[in-house]
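Naming: A, B, ... by sequence-line order, numbering from 1 per chain.
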Protein chains: 2
Amino acid sequence: MPAPKPGAPVRGSSTGRPVMAALDLFGRRWNLRIVWELREDTLGFRALQQRCDGMSSSVLRQRLTELLDARVVEQQPDAAYRLTELGRGAYQALRPLMRWSGEWAAALAGEEDHR
Amino acid sequence: MPAPKPGAPVRGSSTGRPVMAALDLFGRRWNLRIVWELREDTLGFRALQQRCDGMSSSVLRQRLTELLDARVVEQQPDAAYRLTELGRGAYQALRPLMRWSGEWAAALAGEEDHR
DNA sequence: GCGCACCGCTTCGGAAACAGAATCGCCGTC
DNA sequence: GACGGCGATTCTGTTTCCGAAGCGGTGCGC
């Protein structure tokens with residue numbers, strides 16, 4: 001299972017269009033979450049695992065190698081992980097989604113009311 | 001596997017914070033892609049399946065029930081699927097990510113050059 | 001009425017991804 | 001030199017996904 005990259009065919013699309021590579025990368029479980037958790041902290045392996053409610057270490061390693069490969073995350077000399085410049089851009093791109101989740105919660109709660 | 005909803009515990013987080021529910025919902029394979037494909041068309045089941053490079057019908061059905069449940073997608077009387085108001089909001093929230101994928105592609109391509 | 005094509009949707013066996021725990025080597029500290 | 005914490009790896013069992021076949025329903029030509 002190679003890390004998705006723009007320009008190469010990815011799971012679910014053979015065109016290699018960047019957007020498809022991004023959809024594959026972030027459509028893999030935990031990848032969105034990892035970017036989210038690293039948004040303003042640099043975390044070690046185990047600390048990151050804790051933040052993700054104890055996701056399995058094997059999958060965390062797998063995801064980290066994918067994100068490292070995608071230049072979204074980098075590893076410091078002391079082995080802690082943090083977002084690259086590119087990764088911070090991805091987080092910025094994710095922020096509207098976070099804002100949307102608030103509207104989403106409100107809408108579902110409102111609909112709960114008049115039922 | 002229940003569809004994630006804000007206010008309820010989800011995979012990877014027990015807090016029920018909306019953002020965690022959103023990260024779970026969109027961190028599931030194909031969900032980002034489905035919203036993307038429905039961004040400006042209303043599509044039938046099989047048409048949608050084609051757009052997603054022939055994803056398996058069983059998983060498509062599973063994802064659609066999740067998205068229907070989350071009020072992100074709705075079904076017309078003629079059974080075709082389209083984004084709800086909420087779903088269009090989600091797509092809008094996703095657009096920066098699409099823009100980012102372009103920068104991402106450029107950055108990776110540039111690094112390819114001086115190597 | 002009958003065959004046919006298309007549709008949304010379901011079922012099922014095999015393949016791939018994930019979870020979870022045990023374990024390794026590597027530092028520092030005491 | 002025993003200990004604890006760390007990143008990382010390996011292994012086994014479960015969950016999820018894939019892919020193909022097939023279901024019932026609907027519309028159409030004949």
Side-chain angles (χ1 to χ4, degrees), chain A residues 1-4 9-14 20-21 23-38 41-70 72-83, chain B residues 1-4 9-14 20-21 23-38 41-70 72-83:
Chain A
M1 174 234 315
V10 297
R11 306 188 311 176
S13 174
S14 53
M20 289 304 161
L23 286 177
D24 182 14
L25 181 63
F26 291 117
R28 300 187 181 189
R29 200 168 168 189
W30 296 114
N31 271 349
L32 282 175
R33 178 70 173 271
I34 290 172
V35 171
W36 174 255
E37 294 295 346
L38 290 178
D41 303 303
T42 96
L43 296 170
F45 186 92
R46 277 165 141 87
L48 187 51
Q49 188 181 2
Q50 296 301 342
R51 293 279 189 108
C52 294
D53 257 31
M55 72 176 285
S56 70
S57 57
S58 49
V59 180
L60 176 55
R61 191 87 258 302
Q62 201 171 324
R63 289 295 169 271
L64 283 174
T65 59
E66 290 168 11
L67 291 172
L68 287 169
D69 203 45
V72 170
V73 165
E74 64 187 353
Q75 203 165 11
Q76 298 177 339
D78 67 351
Y81 296 93
R82 67 175 172 190
L83 294 182
Chain B
M1 174 231 311
V10 296
R11 306 188 310 177
S13 173
S14 53
M20 289 303 161
L23 287 176
D24 183 13
L25 180 64
F26 292 116
R28 299 185 181 190
R29 198 170 169 190
W30 295 114
N31 272 349
L32 281 175
R33 177 71 171 271
I34 289 172
V35 171
W36 174 255
E37 294 296 346
L38 290 177
D41 303 303
T42 96
L43 296 171
F45 187 92
R46 275 165 139 93
L48 187 52
Q49 187 182 4
Q50 296 301 341
R51 294 279 190 108
C52 293
D53 255 33
M55 72 176 286
S56 70
S57 55
S58 48
V59 180
L60 176 55
R61 189 86 257 302
Q62 200 172 326
R63 289 295 170 271
L64 282 174
T65 59
E66 290 167 11
L67 291 172
L68 287 169
D69 204 46
V72 170
V73 164
E74 65 188 353
Q75 202 164 11
Q76 297 178 342
D78 67 350
Y81 295 93
R82 67 175 172 190
L83 294 183

Identify all side-chain donor-acceptor contacts of residues 59-67 of chain B below 3.5 Å with residues at least two apart in sequence or on another chain.
| from | atom 1 | to | atom 2 | distance (Å) |
| --- | --- | --- | --- | --- |
| B:Arg61 | NH2 | B:Tyr81 | OH | 3.3 |
| B:Arg63 | NE | B:Arg29 | O | 2.9 |
| B:Arg63 | NH1 | B:Glu66 | OE2 | 3.0 |
| B:Thr65 | OG1 | B:Arg61 | O | 3.4 |
| B:Thr65 | OG1 | B:Gln62 | O | 2.6 |
| B:Glu66 | OE2 | B:Arg28 | NH1 | 3.1 |

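With sequence neighbours left out, the side chain to side chain contact (heavy atoms under 4.5 Å, CB included) criterion links A:Gln50 to no other residue. Applying the side chain to side chain donor-acceptor pair (under 3.5 Å) criterion to A:Ser13, with sequence neighbours excluded, gives A:Thr15. B:Asp41 is linked by a side chain to side chain donor-acceptor pair (under 3.5 Å) to B:Arg51, counting only residues two or more places apart in sequence or in another chain. Under the salt bridge (charged side-chain N to carboxylate O under 4.0 Å, His left out) criterion, A:Asp53 pairs with no residue at all, not counting sequence neighbours. Scored by the side chain to side chain donor-acceptor pair (under 3.5 Å) test, B:Gln49 finds no partners at all (sequence neighbours excluded). The side chain to side chain contact (heavy atoms under 4.5 Å, CB included) test applied to B:Thr42 returns B:Gln76, B:Ala80, B:Arg82, not counting sequence neighbours.
Taking atom CG of A:Asp78 as the reference point, atom P of C:dC26 lies 19 Å away to the nearest angstrom. Summarising the geometry, the separation between CZ on B:Arg63 and P on D:dT16 is reported as 9 Å, rounded to the nearest angstrom. Rounding to whole angstrom units, CZ of residue A:Arg33 and C1' of C:dC18 are separated by 16 Å. Taking atom CD1 of residue B:Ile34 and atom P of nucleotide D:dC17, one finds them 11 Å apart after rounding to whole Å. Here C:dG8 presents its C1' atom at 8 Å from CD of B:Gln75, a figure rounded to the nearest Å. If you measure from atom CZ of A:Arg11 to atom P of C:dA17, you get 7 Å, rounded to the nearest angstrom. Rounded to whole Å, the distance from CD on A:Gln49 to C1' on D:dA8 is 11 Å. Rounded to whole Å, atom C1' of D:dT16 lies 15 Å from atom CZ of A:Arg28.
Set against C:dC18, D:dT16, D:dC18, the side chain of A:Trp30 has C:dC18 as its closest nucleotide. Taking every side-chain heavy atom of A:Arg29 into account, C:dA19 is the closest of D:dA8, C:dG8, C:dA19.
Within the 4.5 Å cutoff, the side chain of B:Leu38 has heavy atoms near those of the B:Ile34 side chain.
Closest approach of B:Ala3 to B:Asp69, counting heavy atoms only: CB-OD2, 3.8 Å.
At the phosphate of C:dA17, neither OP1 nor OP2 sits under 4.0 Å from any side-chain N or O atom of A:Gln62.
Remark: B:Ser56, B:Ser57, B:Ser58, B:Val59 in residues 51-61 of chain B come within less than 4.0 Å of DNA chain D through at least one heavy atom.
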Give each protein N/O atom lying under 3.5 Å from an N/O atom of nucleotides 23-28 of chain D, with the pair distance.
none

